[in-house]
2 protein chains.
Amino acid sequence: MSVARPTIHDVAARAGVSKSLVSLALRGSPAVADASRTAILAAAAELGYRPNAAARSLAARSSRTVGVLVLDLHNPVFAEVLDGVLAEVRAHGYSTMVVTGLDPAIQTSEIDKLLEFQVEGLVLVSHRLAAAAVRAIATETPVAVVTRGDITGPGIDTVRNDDRLGAHLAVEYLVGLGHRRIAHIGGGDDPVAADRELGYRQAMVAAGLAQQVRVLPGSLDDAGGHGAATLALASRPRPTALFVANDFAAMGAMAAAVDAGLRVPRDVSVVGYDGTQLGALRSIGLTSIAQPLTEMGRLAAEGLFARIEGRRRRAQNLVLPAEVVVRSSTAPPAPARTE
Amino acid sequence: MSVARPTIHDVAARAGVSKSLVSLALRGSPAVADASRTAILAAAAELGYRPNAAARSLAARSSRTVGVLVLDLHNPVFAEVLDGVLAEVRAHGYSTMVVTGLDPAIQTSEIDKLLEFQVEGLVLVSHRLAAAAVRAIATETPVAVVTRGDITGPGIDTVRNDDRLGAHLAVEYLVGLGHRRIAHIGGGDDPVAADRELGYRQAMVAAGLAQQVRVLPGSLDDAGGHGAATLALASRPRPTALFVANDFAAMGAMAAAVDAGLRVPRDVSVVGYDGTQLGALRSIGLTSIAQPLTEMGRLAAEGLFARIEGRRRRAQNLVLPAEVVVRSSTAPPAPARTE
DNA sequence: TTCCTGACTTGGAGCGTTCCAATTCAGGGT
DNA sequence: ACCCTGAATTGGAACGCTCCAAGTCAGGAA
C-alpha cells in the first residue's frame, strides 16, 4: 500500500519547526504560539499525517485504551451492555478493544492479547474464567465484571443486578395474577442462573407455595428452554406459568407451549429474565425481569475510570434493581377446571 | 497498579543472555540453542513477562492486527458475519479490533482510531460511509466490504450475496406455493434493500404478476416491518404473502399479521431475508432467504490476508448464492374466496 | 545599555521491541 | 598449529512518539 506514512518529523520539516513543537501543537498545548499552531495543523493536513498509536502508547507509557471481553455477541444482552461501556469509554476520550470467546481458553488468550496491548482497564461481560484467573488479571490492571458478583477481590469491581431478588419479583408478579402452579426452567450451572433458581425457590416458599416448587433443568438458550418447557407442560397437573432463567430460553419455552397445542398466555404464562430488546419485538412480547443492561455497562466503565484516574482504590460492588416489564406473555390463569 | 512490568531486558538479565537472544527465543527462532531457549522461557515465566504490543508493533513496523467495523451489534446478522471474520483472523495469528457505530460520524472517528493503531487491513460490515470516504481509506490499507457491493475501486474487495437474485428466489418460492398477491415490504434507502426491491419487481414481472406488484415503504427493523405490514394487510384485496426486506422487519410484519387477527401462515405467508439465527428460533420459525453470513465474513478476512501478504493485488468482488430456508411462516394460500 | 522575565521553542534521551551486521567460538579439515 | 565454517550470540541502530531540561529571544525594567 502507501509507502512510508508521514511522521511527526515530516510535519515538523514542512512547517519549519521542531518535532517537539509539532507534538505539543497536535496535543493542543496552550503554550504553542498561534502562528506555529496554524502552520503545523496545515502541514499535518496537507501531508495526511496520522499519529502512530503504538509510538504514542510506548512513549507516553499509556495506551488510553480499555479492553472489553464479552461472552457471546449473538446474545443481544451483551450488545446492550456494550452500548453502555462504549459510550462511557468514548466520553473519556479512550478507545475500546472488544474481544469475544465462548470458550474459556479463547477468552484467556484474547485477554492476554489485550494485556499485551497495555490496556489500562478491563471490562469482563459475563466471562467464564476461574476466580484465580480473574484475580491474577486484576493484579495487572483494574477489572470490572458485569453481571456476575461471585468473584471479588482487590482490583475487581462488580456490577450486577440482584438475581435472587429479580426471581422473587417474577414469582410475586405471577402469584399476584393468581398463579400457583409456577414452574421454573433452570439455566444450567451458570452462577447467575443458580441465583435465579434460588430466588425462585425462596419466593415460592414465602408465598406459601412450597408444595408447588418445580424446577426443570434447562440451559440459557432457545433449545434448552424448549426442551425443559416441553417436559414441564407435559406433566400433570400442568403448570399455569413458567418462570424461565433468561429471555433466550423463554423464547424456546414459548415455542414449546405452542408445539404442545397451548396458547400463551391463555393456557400458560411465560416470564423471562434480562429484559432484552429481543423480547420486546412485537411478535414475541415476552414479559421479563428487566436488568438495566446499558446502565450496568456504563457504570462498569465509569468505575474503571475512577480507578484508572486514581480517584478510588477500594473495589466497588454495585447491585442494581431489576423490574418486571409486563408484555403479552402473561395473564391470569384460566379458571380452574377439574384437572 | 503493578509498577513497571518486566521487559525483555529483565528477562535477559535473569537468563544471563542478551536481549536480542530473548527476542529471538520468544519468537521461536530455530537458531537459538536449546539450553538458552529453556533458560529464557523459564526466566520469562518466573517474571511474568508479557511482550509489549506497542513496542513490537513499532519496531516490527507491523501490528499484526486487522480492524473490523460493524454497523450495529444488536442485529444478529452482524454477529454471524463477525464469527467468520474472527475465526479467519485468529487462524492467521492476527488480532482483531472491533468497533461499532450507527452514525457515520462515529464510524469515521472509529476508523481513524483503527488506522492510528496501524491496522493492516479493514473489514467493513455494512458501513454507512460515502464512497469517497471508503476509497480514501483504501489508499491507506486494504479494505474488504461485506454485504455491500456498490462501492468498488482499487484496494476495495467486496463480499456479498446477490440480493436481486435472492428476491427472485423468494418470489418464485411463493409463486410455487400458489401465491399471486405477493406484496413487498421495502427496507428504506439502504442500497441492499434497494436491490431486494428491484429483484422483487423483476421476479413478479417474470412470473406474469406485473399487475400484482405492490411495494410498501418500510425500514430494516421491527417497527418498520410492523407499520408497513399493517398497511399492506389492511388493503383489499389483501395480499396472501409478504416478502419483507430483512428478517428483523419480517418479525415486525408477523406481529402485524397477528395484531390484524390473521394467522401466519394460514392467512398470510411471510418471507424474510438474511437467514439469521434469530428467525430460526422455535417461537418464530421465519422462512427466509439465507445468506451464508459467517462464510461471507470468513471470505472477507481471507481476501484481506491475500492482499496483506501480497498474494493478490487486484480487487476481488465475490457474490455468494442465497437460498430459501423454509420454516413455518409460509404455506400455500387459503383457497380463494370471493374477496 | 544590561539584565531579567516570560513566552516559545528545541534537542536529546528514552519507551520496549525488532532487525541487522558483526562477533565469538568450537570443531573439522589441512 | 592454522584457517575456515557455521552455529550461536551480541550490541546498537532504528521505529515514531513524549517528556524534560535547557535554549532563544523580544521587550520591559533598571
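So you know, we letter chains A, B, ... as the sequences are listed, proteins then strands, and number each from 1.
The separation between A:D34 atom CG and C:dT9 atom C1' is 15 Å, rounded to whole Å. Rounded to an integer number of Å, the gap from A:F117 CZ to C:dG16 C1' is 15 Å. One atom, CZ of B:R37, and another, C1' of D:dT9, lie 13 Å apart when rounded to the nearest Å. If you take NZ of A:K19 and C1' of C:dT9, they are 11 Å apart, rounded to a whole angstrom. The CD1-P distance, from A:I8 to C:dG12, rounds to 16 Å in whole Å.
Between A:E116 and A:K113 there is no salt bridge, since none of the side-chain N atoms of the basic residue sits less than 4.0 Å from a carboxylate O of the acidic one. For the pair A:E120 and A:R64, the salt-bridge criterion is not met [side-chain N within less than 4.0 Å of a carboxylate O]. Look at A:K19 and A:D10 and you find no salt bridge, because none of the NZ, NE, NH1 or NH2 atoms lies under 4.0 Å from a carboxylate O.
Across its full length, the helix from C:dT1-D:dA30 to C:dT30-D:dA1 shows an angle of 70° between the axes of its 5 terminal pairs at either end, rounded to 10 degrees.
Counting any heavy atom pair closer than 4.0 Å across all strands shown, A:S20 reaches a base atom.
Taking only side-chain atoms of A:A33, from C-beta outward, the nucleotide of D:dT9, C:dC8, C:dT18 with the closest atom is C:dC8. Side-chain proximity of A:L21 to the nucleotides D:dA14, D:dC17, C:dT10 is greatest for C:dT10.
Using a 4.0 Å cutoff on non-hydrogen atoms, the parts of residues 49-58 of chain B near DNA chain D are B:L58, ordered by number.
Each ring-ring contact (aromatic ring centres under 6.0 Å, His included) pair with one or both residues in residues 93-144 of chain B, not counting sequence neighbours, appears once here: B:Y94-B:F305.
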